[in-house]
Amino acid sequence: MKTKFHNYAEEYFKHRNDIPSVFFEELAKRNIELSGSKVADIGAGPGFLSKALSGYGAIVDAVEPSEEFIEIGKKYVGKDDRINFTKGTAEKTGLDDDTYDIVFVMRAWQWFDSDKAAKEVRRILKPDGILVVADIGFKVANKMMKESMKIIKKSSKHEELKPAGSKEDSIQMINGFPVEWFSDWRHEKLNLEEFFKHEYKVKFTDQEWLGRLGTSSWLVSFKQKRMDKAMEKIAELLDTMDDEKKHKVPHVLNVAILKNKHK
């Protein structure tokens with residue numbers, strides 16, 4: 001499934017490096033060892049997760065279909081010899097069979113062909129290897145956020161703002177993930193071991209909030225003129241509020257941990 005994030009690669013790089021440290025703390029609590037592990041980061045974008053994983057000692061193959069993101073990612077990680085970027089998709093990574101201790105997918109599974117991606121993950125994972133699928137999103141829970149979303153809805157030509165990617169077509173959600181994903185994972189003998197959730201708040205200045213919204217799946221799908229008008233109206237809204245304080249935006253981290261039981 002194609003996205004338009006690559007058209008905003010520089011903006012995405014500036015405003016979406018927000019993986020909370022608790023993500024890695026929770027993995028450590030569950031004895032998921034990163035140091036020395038061979039890891040695939042699928043849908044790696046500009047390498048935020050890959051760089052963090054390398055910092056914990058992992059050896060990372062960052063798989064990303066967008067040349068724009070790969071170029072930015074290579075500059076971002078610098079001369080880190082534990083990270084290798086490769087152009088590929090979740091459905092066809094180009095990686096070797098039975099090679100990886102852990103496969104990570106951060107904020108990306110909804111953009112995959114789920115059943116094909118599950119098959120590919122099973123192929124590249126070692127027996128008993130781990131798949132970690134994580135999602136991060138904000139909750140619309142205060143006046144500033146509600147008013148921002150009203151502007152986006154009005155700017156969408158009265159079309160319903162739909163969940164991203166395959167989440168739109170799901171008949172049911174389980175802990176924030178479409179039930180269909182669990183079926184695809186189970187079919188490939190990627191057995192769900194555990195699920196954890198963490199809620200937290202992130203502080204945004206006006207400009208940081210504009211940057212975050214400008215790289216949301218809703219706005220990147222707008223035509224440029226419509227997007228610009230929506231952003232102008234949100235900026236006007238923010239000007240009417242107390243700009244000396246940062247906006248506290250509630251976020252949710254959802255993580256599924258699965259094990260490859262295919263022999």
Side-chain angles (χ1 to χ4, degrees), residues 1-6 16 19 23 26 30 40-45 49 63 65 89-93 102-125 129-141 145-146 148-150 152-200 212-213 215-222 249-262:
M1 186 179 296
K2 292 184 178 180
T3 74
K4 295 185 178 180
F5 288 111
H6 64 281
R16 297 296 289 271
I19 302 171
F23 174 61
E26 292 294 334
R30 290 156 175 81
D41 176 12
I42 301 179
L49 179 59
V63 180
T89 65
E91 300 81 10
K92 193 173 182 180
T93 62
I102 314 171
V103 171
F104 282 89
V105 177
M106 172 67 75
R107 283 195 290 214
W109 198 280
Q110 65 267 27
W111 304 114
F112 302 166
D113 186 326
S114 183
D115 59 341
K116 292 180 180 179
K119 185 175 183 179
E120 181 72 349
V121 167
R122 188 266 298 164
R123 181 186 69 79
I124 66 175
L125 269 177
I130 299 295
L131 167 63
V132 179
V133 180
D135 199 13
I136 300 172
F138 59 76
K139 296 170 64 178
V140 179
M145 298 176 73
K146 289 176 182 177
S148 295
M149 292 307 299
K150 282 182 183 179
I152 294 173
K153 287 179 180 179
K154 287 182 180 178
S155 301
S156 66
K157 290 187 175 180
H158 306 292
E159 297 173 5
E160 182 182 358
L161 294 181
K162 299 175 181 178
S166 62
K167 291 182 179 181
E168 175 187 345
D169 301 320
S170 180
I171 59 173
Q172 183 182 356
M173 303 290 279
I174 300 176
N175 295 325
F177 293 163
V179 66
E180 293 84 358
W181 296 1
F182 294 91
S183 177
D184 293 333
W185 294 333
R186 185 169 58 250
H187 184 265
E188 295 300 332
K189 297 185 178 179
L190 298 169
N191 292 355
L192 182 65
E193 296 284 302
E194 190 173 357
F195 186 95
F196 69 85
K197 174 181 179 179
H198 183 76
E199 297 191 11
Y200 60 103
R212 175 64 180 83
L213 280 182
T215 56
S216 67
S217 59
W218 302 303
L219 283 176
V220 298
S221 68
F222 282 15
V249 177
H251 279 62
V252 181
L253 167 70
N254 288 315
V255 181
I257 299 172
L258 306 100
K259 183 173 287 190
N260 180 22
K261 290 299 183 180
H262 190 276

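Index from 1, following the sequence. All of these numbers come straight from a predicted model, not from anything done at the bench.
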Any side-chain heavy-atom pair of [X] and [Y] under 4.5 Å:
X: Glu120; Y: Glu91; answer: no
X: Pro178; Y: Gln172; answer: no
X: Leu213; Y: Phe138; answer: yes
X: Asn175; Y: Lys197; answer: no
X: Gln110; Y: Trp181; answer: yes

**OP:** In sequence, state the C-alpha distance, the side-chain angles, and the governing distance for Arg122 and Lys119, and then conclude on side-chain contact (heavy atoms from CB on, under 4.5 Å).
**Re:** CA-CA 5 Å; Arg122 188 266 298 164; Lys119 185 175 183 179; 4.1 Å; yes

Quick check: closest heavy atoms across [X] and [Y], and the distance to 0.1 Å?
X: Ala141; Y: Pro250; answer: CB-CG, 3.8 Å
X: Ala118; Y: Asp184; answer: CB-O, 3.7 Å
X: Phe177; Y: Asp135; answer: CE2-CB, 3.7 Å
X: Glu180; Y: Ile171; answer: OE2-N, 3.1 Å

Would you compute the distance between atom [atom1] of [X] and atom [atom2] of [Y] and round it to the nearest 0.5 angstrom?
X: Ile124; Y: Asn260; atom1: CD1; atom2: CG; value: 10.0 Å
X: His187; Y: Asp115; atom1: NE2; atom2: CG; value: 9.0 Å
X: Leu131; Y: Leu192; atom1: CG; atom2: CG; value: 10.0 Å
X: Phe222; Y: Ile152; atom1: CZ; atom2: CD1; value: 6.5 Å
X: His262; Y: Arg123; atom1: NE2; atom2: CZ; value: 12.5 Å
X: Leu190; Y: Ile130; atom1: CG; atom2: CD1; value: 10.0 Å

Original post:
With a 4.0 Å cut-off, would you call Glu26 and Arg30 a salt bridge?
Top reply: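 Result for this pair is yes, salt bridge flagged.
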
**OP:** Not counting sequence neighbours, which residues clear side-chain hydrogen bond (donor to acceptor under 3.5 Å, both in side chains) with Arg186? List them please.
**Re:**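 Per chain and number, Arg186 pairs via side-chain hydrogen bond (donor to acceptor under 3.5 Å, both in side chains) with no residue.
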
Original post:
Only one of Phe195, Trp109, Phe112 clears ring pair (Phe, Tyr, Trp, His ring centres under 6.0 Å) with Trp185; which?
Top reply: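 Going through the options one by one, the only one that passes is Trp109.
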
**OP:** Run through Val132, Ile42, Leu49 and flag the one making a side chain to side chain contact (heavy atoms under 4.5 Å, CB included) with Met106.
**Re:**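 Filter result, single survivor: Leu49.
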
Original post:
Is the backbone N or O of Arg212 less than 3.5 Å from a side-chain atom of Thr215, with the two atoms forming a donor-acceptor pair by type?
Top reply: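 At least one qualifying donor-acceptor pair exists.
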
